Amino acid sequence: MAQNLKLHAVVLRSIPYLEHHRLLTLFSPEKGRLTAVAHGALGAKSQLKAAAVPFASGEYVLSGNKGRLSVTSFAPDENYFGAMQDYDAIAHGSYLCAFADIVVQEEQPNPELYVLLLSSLAYLDAFPENCVNIFNSFLIRMLDCAGYAPQLDQCAVCGATRGSPRFDMHEGGLCCHRCRPQSPLITREQLAFLRDARGGAVSSLEDKSAALLKKLLIDYTHTCLDMELKAASLIV
């Protein structure tokens with residue numbers, strides 16, 4: 001039976017579909033991940049053009065059967081990120097959307113992750129010059145929310161809280177130098193940054209330190225997911 005759904009959502013992915021349409025992967029806080037076709041969205045004068053670009057968010061009206069939904073109307077949010085211009089901000093936002101695309105499931109509400117994702121896009125749009133620190137701040141919180149929270153308080157192997165800290169992908173976070181001497185180093189400043197981020201802060205590390213932390217977090221994310229996200233090639 002055909003259904004009509006009215007819901008808030010953000011576009012995680014948008015790909016051309018047939019000649020004039022776009023196939024959208026949507027993330028709704030109440031419905032989880034959905035797939036819908038925006039008919040005619042590739043047309044220059046399409047009324048659904050704004051609904052079918054990456055990062056678009058707003059109220060969608062969908063019609064059709066489960067698995068064959070179509071976008072019938074769209075009202076953008078006041079904060080609309082579909083027109084984001086900065087390349088680095090777009091690239092880092094694309095990775096966060098790709099992460100959400102993997103961890104969000106159909107028919108499984110996830111309002112906390114939804115709010116984190118929209119907040120990350122808002123920060124990236126407003127402060128593109130600080131996109132690496134913003135990315136790191138939100139990726140750690142999104143990992144926590146998705147059930148992949150790394151250990152940041154003590155060695156994941158022996159429980160030690162002293163010594164030169166390391167970050168081990170397979171042990172799930174912080175390790176001491178005795179247990180995992182070959183694992184990558186993580187500085188006290190980077191560790192403080194991650195702990196602050198868990199509390200909701202968006203602080204800053206200097207560029208080199210932020211870039212190294214980003215690599216650690218991306219490697220950890222790929223280890224948790226047991227796959228590499230293609231969007232990583234845009235930001236590493």
Side-chain angles (χ1 to χ4, degrees), residues 8-13 25-34 54-57 77 79 81 84 88-128 130-153 156 167 169-170 172-174 186 190-205 210-236:
H8 273 83
V10 59
V11 175
L12 300 180
R13 188 156 41 115
T25 300
L26 301 173
F27 174 19
S28 161
E30 300 89 6
K31 293 288 186 178
R33 191 178 69 239
L34 304 98
F55 312 153
S57 64
D77 284 340
N79 295 319
F81 310 114
M84 196 181 296
D88 286 336
I90 291 170
H92 286 82
S94 295
Y95 186 94
L96 296 176
C97 284
F99 174 78
D101 190 15
I102 295 297
V103 301
V104 174
Q105 303 299 314
E106 295 181 4
E107 299 296 334
Q108 290 190 8
N110 200 331
E112 183 180 356
L113 188 62
Y114 181 83
V115 170
L116 282 173
L117 180 58
L118 286 189
S119 297
S120 73
L121 296 177
Y123 271 93
L124 289 169
D125 190 39
F127 308 104
N130 198 31
C131 64
V132 176
N133 283 303
I134 293 168
F135 174 86
N136 291 341
S137 295
F138 280 95
L139 182 55
I140 185 66
R141 278 183 268 176
M142 291 174 72
L143 284 163
D144 290 355
C145 184
Y148 299 117
Q151 171 62 257
L152 297 178
D153 297 319
F167 195 92
M169 312 304 160
H170 299 283
L174 192 66
I186 183 168
Q190 290 168 333
L191 199 52
F193 175 95
L194 293 178
R195 289 168 175 164
D196 288 345
R198 276 189 166 164
V202 179
S203 53
S204 291
L205 294 168
L212 290 172
L213 181 59
K214 179 175 72 172
K215 185 179 185 307
L216 278 182
L217 290 175
I218 289 175
D219 288 346
Y220 175 73
T221 299
H222 292 172
T223 300
C224 292
L225 298 178
D226 196 25
M227 65 181 296
E228 291 189 11
L229 301 180
K230 292 182 180 180
S233 64
L234 302 174
I235 59 174
V236 295

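Given the structure is predicted, the values throughout are model-derived calculations rather than measurements. The basis for the numbers below is simple: all heavy atoms, side chains too, and nothing from hydrogens, waters or symmetry mates.
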Query raised in the report: What's the spacing between Leu121 CG and Ile90 CD1 if we round to 0.5 Å?
Result: 11.0 Å
**Report entry** Nearest atoms (heavy-atom pairs only) where Asp88 meets Cys131
**Finding:** CB-SG, 3.7 Å
Report task. Please tell me if the side chains of Asp125 and Asn79 come closer than 4.5 Å, counting only heavy atoms from C-beta onward. Result -> no
Query raised in the report: Between the main-chain N or O of Leu205 and the side-chain N or O of Asn133, is there a donor-acceptor pair closer than 3.5 Å?
Result: yes
Report task. Kindly indicate whether the side chain of Phe138, heavy atoms from C-beta on, has any atom under 4.5 Å from the side chain of Leu124. Result -> no
Query raised in the report: So, do Ser28 and Leu34 sit near enough that their side-chain heavy atoms are less than 4.5 Å apart?
Result: yes
Query raised in the report: Has the side chain of Tyr148 got a donor or acceptor atom that lies under 3.5 Å from a matching backbone atom of Tyr220?
Result: no
Query raised in the report: Roughly how far apart are Glu228 CD and Lys230 NZ, rounded to 0.5 Å?
Result: 11.5 Å
Requested in this report: Go through the steps to decide whether Val103 and Met142 satisfy the test side-chain contact (heavy atoms from CB on, under 4.5 Å), and finish with yes or no.
Outcome: CA-CA 10 Å; Val103 301; Met142 291 174 72; over 6 Å; no
Query - Shortest non-hydrogen separation from Pro150 to Phe167 and the atoms involved - result: CB-CZ, 4.0 Å
Query raised in the report: Can you check whether Ala197's main-chain N or O pairs, donor with acceptor, with Arg141's side chain at less than 3.5 Å?
Result: yes
Report task. Decide yes or no for Asn110 and Cys145: does some side-chain heavy atom of the first lie under 4.5 Å from some side-chain heavy atom of the second? Result -> yes
**Report entry** Rounded distance (nearest 0.5 Å) linking atom SG of Cys97 with atom CZ of Arg13
**Finding:** 11.0 Å
**Report entry** From OG (Ser203) to CG (Asp196), nearest 0.5 Å
**Finding:** 5.0 Å
Report task. Might you point out which heavy atoms bring Pro128 and Ala89 nearest each other, and give the distance in Å? Result -> CB-CB, 4.1 Å
Requested in this report: State, yes or no, whether a side-chain contact exists between His92 and Ile134 at a heavy-atom distance under 4.5 Å.
Outcome: no
Query - Pairwise distance CD1(Ile102) to OG1(Thr221) - rounded to 0.5 angstrom - result: 11.5 Å
**Report entry** Steps toward side-chain contact (heavy atoms from CB on, under 4.5 Å) verdict (Leu143, Phe99)
**Finding:** CA-CA 9 Å; Leu143 284 163; Phe99 174 78; 3.9 Å; yes
Requested in this report: Answer yes or no: is there a side-chain heavy-atom contact under 4.5 Å between Asn136 and Gln190?
Outcome: no
Query raised in the report: Got a donor-acceptor contact below 3.5 angstrom from the Gln151 side chain to the Asp153 backbone?
Result: yes
Requested in this report: Verify side-chain contact (heavy atoms from CB on, under 4.5 Å) between Val10 and Leu26, making sure each step is shown before the conclusion.
Outcome: CA-CA 6 Å; Val10 59; Leu26 301 173; over 6 Å; no
Report task. Keeping the roles fixed (side chain from Asp219, backbone from Met169), state whether a donor-acceptor pair exists under 3.5 Å. Result -> no
Requested in this report: Go through the steps to decide whether Leu217 and Phe135 satisfy the test side-chain contact (heavy atoms from CB on, under 4.5 Å), and finish with yes or no.
Outcome: CA-CA 10 Å; Leu217 290 175; Phe135 174 86; 5.5 Å; no
Query - More than 12 heavy atoms from other groups under 6.0 Å of NZ on Lys31 - result: no
Query raised in the report: Is any side-chain heavy atom of Ser137 closer than 4.5 Å to a side-chain heavy atom of Tyr123?
Result: no
Requested in this report: Would you confirm whether Arg198, through its side chain, and Ile140, through its main-chain N or O, come within 3.5 Å as a donor-acceptor pair?
Outcome: no
Report task. Would you confirm whether Arg33, through its side chain, and Val104, through its main-chain N or O, come within 3.5 Å as a donor-acceptor pair? Result -> yes
Query raised in the report: If you round to the nearest 0.5 Å, how far is NZ of Lys215 from CG of Leu212?
Result: 9.0 Å
Query - Note, Met227 side chain near His222 side chain (heavy atom, < 4.5 Å) - result: no
Query raised in the report: Is the count of non-hydrogen atoms from other residues, nucleotides or ligands lying under 6.0 Å from Glu30 atom CD greater than 12?
Result: yes
Query raised in the report: Of all residues at least two apart in sequence or in a different chain, which pass the side-chain hydrogen bond (donor to acceptor under 3.5 Å, both in side chains) check with Glu112?
Result: none
